[in-house]
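The structure appears below as structure tokens.
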Amino acid sequence: MIQIGLTGWGDHDDLYPVGTKANQKLSVYGSHFSVVEMDSSFYAVQPTDRMARWATETPDSFSFLVKAYQGMTGHTRGKQPYFKTTDAMYEALHTSIQPLREAGKLKAVLFQYPPWFDCTRENVAVLRDTKKRMGDVPSVLEFRHQSWFTPEFQKQTLAFMREEGWIHSVCDEPQAGLGSVPIVPQATDSNLTVVRLHGRNVSGWNQSSAPNWREIRYLYRYNENELAEWKNRLLELEQQSREVCVIFNNNSGGDAAVNAKQLMTMLGMEPKPFPPRKPPEEDNGPEQLELF
């Protein structure tokens with residue numbers, strides 16, 4: 001089974017009829033896609049009442065890929081302003097996701113490590129400790145440093161992930177040096193593989209010092225040939241995992257939803273059409289000339 005969704009539900013204007021309120025967007029999103037990546041959880045561990053509300057606002061078959069809090073993946077570079085201990089941080093995460101687990105709507109928790117998290121013994125130990133702390137929660141691993149997938153270490157990395165029970169996040173991203181990984185279409189879990197499509201904006205990928213780097217980095221629209229290549233990869237991954245979850249993260253220019261529906265059509269799905277973006281013109285009666 002292949003599922004397709006987007007990162008977040010607030011930024012995809014094409015999905016929402018004019019006048020849709022912010023608190024209505026998740027339910028509308030759920031009528032278009034069956035899975036979403038929750039990115040707000042990266043910036044702060046979400047309270048349980050909010051998680052419970054989101055669970056009730058989505059269809060029974062809907063699921064959330066929850067992005068792990070940035071303090072767990074080293075993005076805060078050792079600083080933990082909200083948690084006194086690592087144990088407390090993970091306890092908060094487990095508490096946060098419990099409403100989704102109880103509702104059967106937790107796809108997995110995504111651990112995306114930063115570009116400076118390279119392939120070292122120390123970092124392998126970090127991954128072992130993290131997976132142990134997550135227990136039986138399905139956990140997805142994504143790298144951003146090329147060293148994990150060099151010819152020397154690729155097989156060892158994948159074998160390690162299988163042994164430890166990590167789900168592979170297969171990435172499509174710009175090939176822009178050590179801070180990006182190649183496409184490695186290999187499953188490490190028989191139940192789930194995640195595919196995250198970040199776009200291929202090479203010039204914007206490493207511009208983290210720019211004030212608008214978030215808008216630049218993911219500014220990309222996949223063309224039909226590129227999506228066709230991914231269709232074939234997904235069908236191959238579907239032979240390796242019971243489920244393949246595809247997330248479009250090329251959000252900057254409003255391209256994610258368009259590309260997602262294109263790929264759904266290519267795979268024989270029938271995506272819900274986009275709503276009209278302009279309100280219907282008011283009916284002011286017949287034009288003046290038609291009165292005579």
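In what follows, residues are counted from 1 in the order of the sequence shown.
Ring to ring, Tyr69 and Phe83 are close: their centroids are under 6.0 angstrom apart.
Met51 and Val35 end up in different hydrophobic clusters when Ile, Leu, Val, Met, Phe, Trp and Tyr side chains are linked at under 4.5 Å.
Heavy-atom minimum distance, Val36 versus Ile247: C-CD1, 4.4 Å. What you find for Ser241 and Ala187 is that their closest heavy atoms are OG-CB, 3.4 Å. What you find for Asp14 and Pro275 is that their closest heavy atoms are O-CD, 3.1 Å.
Contact of the Val140 side chain with the Val109 side chain is not registered, since no non-hydrogen atoms from C-beta on lie closer than 4.5 Å. Residues Asn123 and Asp118 form a side-chain contact, since some pair of their non-hydrogen atoms from C-beta on lies under 4.5 Å apart. In this structure, the side chains of Phe111 and Lys131 stay at 4.5 Å or more apart for every pair of heavy atoms. Side chains of Glu236 and Pro185 form no contact here, defined as non-hydrogen atoms less than 4.5 Å apart. Using a 4.5 Å heavy-atom threshold, the side chains of Leu197 and Asn249 count as separate. Between Arg101 and Asp136 there is a side-chain heavy-atom pair separated by less than 4.5 Å.
In summary, Arg162 and Asp189 do not engage in a salt bridge, as defined by a charged side-chain N under 4.0 Å from a carboxylate O. A salt bridge is defined here as a Lys NZ or Arg NE, NH1 or NH2 lying under 4.0 Å from an Asp or Glu carboxylate O, and Glu229 with Lys231 fails to meet this definition. Ion pairing of Arg53 with Asp49 is absent here, as no side-chain N (NZ or NE/NH1/NH2) approaches a carboxylate O to less than 4.0 Å. Under 4.0 Å is where a charged nitrogen must lie from a carboxylate oxygen, and between Asp172 and Arg196 no such pair does. Taking a cutoff of 4.0 Å between a charged side-chain nitrogen and a carboxylate oxygen, Lys107 and Glu37 do not qualify as a salt bridge.
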For this session: Quick one: do Ile4 and Leu263 satisfy side-chain contact (heavy atoms from CB on, under 4.5 Å)? Show the steps, please.
Result: CA-CA 8 Å; Ile4 296 176; Leu263 183 57; 3.9 Å; yes

For this session: Before giving the answer on side-chain contact (heavy atoms from CB on, under 4.5 Å), spell out for Lys25 and Tyr16 the whole-Å C-alpha distance, their side-chain angles and the decisive distance to 0.1 Å.
Result: CA-CA 7 Å; Lys25 286 187 174 181; Tyr16 308 114; 3.7 Å; yes

For this session: Apply side-chain hydrogen bond (donor to acceptor under 3.5 Å, both in side chains) to Ser34 and Gln3, showing your working.
Result: CA-CA 7 Å; Ser34 60; Gln3 285 187 304; 3.0 Å; yes

For this session: Starting from the C-alpha separation in whole Å, work towards a yes-or-no answer on side-chain hydrogen bond (donor to acceptor under 3.5 Å, both in side chains) for Lys261 and His32.
Result: CA-CA 9 Å; Lys261 288 182 180 286; His32 287 272; 3.0 Å; yes

For this session: Any chance you could lay out the side-chain contact (heavy atoms from CB on, under 4.5 Å) test for Met72 and Met89, step after step, and finish with the verdict?
Result: CA-CA 8 Å; Met72 299 172 178; Met89 182 170 58; 3.6 Å; yes

For this session: Please lay out, stage by stage, how Ile2 and Glu243 fare under the test side-chain contact (heavy atoms from CB on, under 4.5 Å).
Result: CA-CA 6 Å; Ile2 298 173; Glu243 182 181 342; over 6 Å; no

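For the 3.5 Å distance criterion, the side chains of Lys105 and Thr58 qualify, holding a donor opposite an acceptor. Between Lys272 and Ser31, the side chains place a donor N or O and an acceptor N or O closer than 3.5 Å (distance only, hydrogens not considered).
Remark: Asp255 CG to Tyr222 OH distance equals 10.5 Å, nearest 0.5 Å. Annotation: the span from Tyr220 atom OH to Asn250 atom CG amounts to 9.5 Å, rounded to 0.5 Å. The CG atom of Asn259 sits 9.0 Å away from the CG atom of Asn223 when rounded to the nearest 0.5 Å. From Ser180, atom OG reaches atom NE2 of His198 across 10.5 Å, with rounding to the nearest 0.5 Å.
Under the 6.0 Å distance and 45° angle rule, Lys67 counts as a cation-pi partner of Phe42.
Ring geometry, His168 versus Phe149: the interplanar angle falls from 30° to 60°, so the pair is classed tilted. Using the six-membered ring where Trp is involved, Tyr29 and Phe33 have ring planes that are tilted, between 30° and 60° apart. Classified by interplanar angle (parallel below 30°, tilted 30° to 60°, perpendicular above 60°), the ring pair Phe117/Phe143 is parallel.
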